[in-house]
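Reviewing the structure listed below.
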Amino acid sequence: MLYAQQRRTRNATAVDAGWAGSLVAMAALYALLADGSIAHRVLIASMCGIENLRIARLVLGRLDGREDERYRELRERWRARGSEQARFFVFFQAQALVAAVVSLPVLLAAFDPGPRLGVLAWVGATLWLAAAGLERTADRQLKRFRDDPANRGQVLKTGLWRYSRHPNYFFQWLTWVAYALVALEAPYGWIGLVSPVIMLSLILFVTGVPPAEASSLRSRGDAYRRYQREASAFIPWSPRERGP
């Protein structure tokens, strides 16, 4: 359905809301139907549900007719190769498949029979609280910056964005590490480690950093090149000395 909408509107942004919404639905489904302890089902469903519901709402708030920069970049690249819609069709269906695969730690944790939350579950919950909070902070800083007309064509270099060019992606990835930590206490929970690995690969090499960087270079030019020399690409780190 989302692919059909994209084909009509030539705007793929809604796929992000569909991705996040499907994860919310799966988390709720696992919590309702799995036979793990109430504590584990409530914890993992709350973590995954709250985080991805926030993302879905954030994306829906951006559906103003203008396509997300990442998808504009992909659209232009695929159109140049003469396979725009074919690649978008595969991309949309792959999103559904990958969402099911990366939900594995949520599924495994929901089947954890342990009556009490163990150390790993508490560590995962603590990491999730910190990561989700910092991701939300990064998103709010970016929104405030973009909403100010005086910043048009400028590069955000303050707050969390001073230490990473993509702090929102980094902290979002940490939430997946948190889900995997909670799942480690469940039988076969180690299988859930595949999720943060897949998410890291997608962020660093497919739909996250590469199209965002290409779009920023195209729209901000030398200002963004200077930013690339100053700030870490992903992991927040002390900024390097400013170049010319």
Side-chain angles (χ1 to χ4, degrees), residues 16 19-20 23 47-48 50-59 61-62 68-70 73 98 102 105 120-148 151 153-184 192-244:
D16 289 339
W19 159 276
L23 289 167
M47 290 166 59
C48 185
I50 291 171
E51 164 66 5
N52 287 284
L53 184 60
R54 187 193 72 83
I55 292 174
R57 291 181 62 187
L58 183 67
V59 175
R62 294 173 180 168
D68 186 277
E69 293 178 357
R70 294 171 300 139
E73 172 66 24
V98 173
V102 298
L120 285 174
W122 285 111
V123 171
T126 302
L127 175 62
W128 178 83
L129 280 172
L134 288 167
E135 181 192 1
R136 183 172 182 270
T137 298
D139 284 335
R140 293 183 68 180
Q141 290 173 348
L142 180 61
K143 185 179 186 303
R144 283 199 300 267
F145 182 83
R146 286 178 170 175
D147 287 347
D148 187 345
N151 294 325
Q154 302 300 311
V155 178
L156 173 58
K157 298 183 180 180
T158 58
L160 293 172
W161 299 82
R162 180 171 182 261
Y163 305 98
S164 168
R165 301 200 298 275
H166 304 282
N168 50 346
Y169 288 152
F170 174 74
F171 292 115
Q172 183 184 80
W173 175 69
L174 283 185
T175 64
W176 288 94
V177 175
Y179 306 149
L181 286 173
V182 176
L184 278 176
L193 293 172
V194 70
S195 294
V197 173
I198 291 174
M199 291 303 300
L200 184 63
S201 299
L202 290 174
I203 290 170
L204 292 182
F205 304 115
V206 186
T207 60
V209 172
E213 292 273 297
S215 176
S216 294
L217 284 170
R218 187 171 59 250
S219 61
R220 295 170 180 84
D222 289 339
Y224 198 79
R225 291 185 181 91
R226 287 193 296 271
Y227 182 47
Q228 286 179 314
R229 293 194 293 268
E230 297 165 8
S232 166
F234 186 60
I235 300 174
W237 201 256
S238 178
R240 293 183 287 273
E241 184 176 349
R242 295 189 177 185

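Within the structure, the ring-ring contact (aromatic ring centres under 6.0 Å, His included) test picks out no pair touching residues 200-223 (sequence neighbours left out). Counting only residues at least two apart or on different chains, the salt bridge (charged side-chain N to carboxylate O under 4.0 Å, His left out) pairs with a member in residues 165-174 are R165-E213.
Atom CE in M199 sits 7.5 Å away from atom OG1 in T207 (nearest 0.5 Å). A distance of 7.5 Å separates OG1 in T158 from CZ in F145, rounded to the nearest 0.5 Å. Interatomic distance, OG1 of T175 versus CG of N52, reported as 7.0 Å (0.5 Å rounding). Atoms CG and OH, from L127 and Y179 in turn, are 10.5 Å apart once rounded to the nearest 0.5 Å. In this structure, L160 CG and F171 CZ are separated by 5.5 Å, a value rounded to the nearest 0.5 Å. Of the inter-residue distances, the one linking L193 atom CG with I198 atom CD1 reads 11.0 Å to the nearest 0.5 angstrom.
Looking only at distances, no side-chain donor or acceptor of W237 sits under 3.5 Å from a matching main-chain atom of S164. For the pair S215 (side chain) and P211 (backbone), a donor-acceptor distance under 3.5 Å is absent.
Side-chain contact between L23 and E51 is absent, with no heavy atoms from C-beta onward closer than 4.5 Å. When side chains are defined from C-beta on, L156 does not count as touching N151, because their heavy atoms never get closer than 4.5 Å. Side-chain contact between W128 and I50 is present, with at least one heavy-atom pair separated by less than 4.5 Å. At a threshold of 4.5 Å between non-hydrogen side-chain atoms, the residues I203 and H166 do not count as touching.
Salt bridge absent: R136 and D139 never bring a charged side-chain N and a carboxylate O closer than 4.0 Å.
A138 approaches N168 most closely through the heavy-atom pair CB-N, 3.9 Å. Shortest non-hydrogen contact noted between A178 and G124 is CB-O, 3.2 Å. Contact detail for V177 and P196: the closest heavy-atom pair is CG2-CB, 4.0 Å. Considering all non-hydrogen atoms of both residues, A56 and A20 come closest at N-CB, 3.8 Å. Residues S195 and V102 approach most closely at OG-O, 2.7 Å, considering heavy atoms. When all heavy atoms are compared, the tightest approach of S232 to Y163 is CB-O, 3.6 Å.
Of the options R240, K157, R225, R162, a salt bridge (Lys or Arg N to Asp or Glu O under 4.0 Å) to E230 is made by K157 and by none of the others.
Heavy-atom contacts from other residues, nucleotides or ligands closer than 6.0 Å to CZ of R57 number 12 or fewer.
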Candidate pair V98 and W19, rule side chain to side chain contact (heavy atoms under 4.5 Å, CB included), full reasoning | CA-CA 9 Å; V98 173; W19 159 276; 3.8 Å; yes

Going through the checks in order, is the side chain to side chain contact (heavy atoms under 4.5 Å, CB included) test met by R226 and V155?
-> CA-CA 10 Å; R226 287 193 296 271; V155 178; over 6 Å; no

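The aromatic rings of F170 and W173 sit tilted, their planes meeting at an angle between 30° and 60°.
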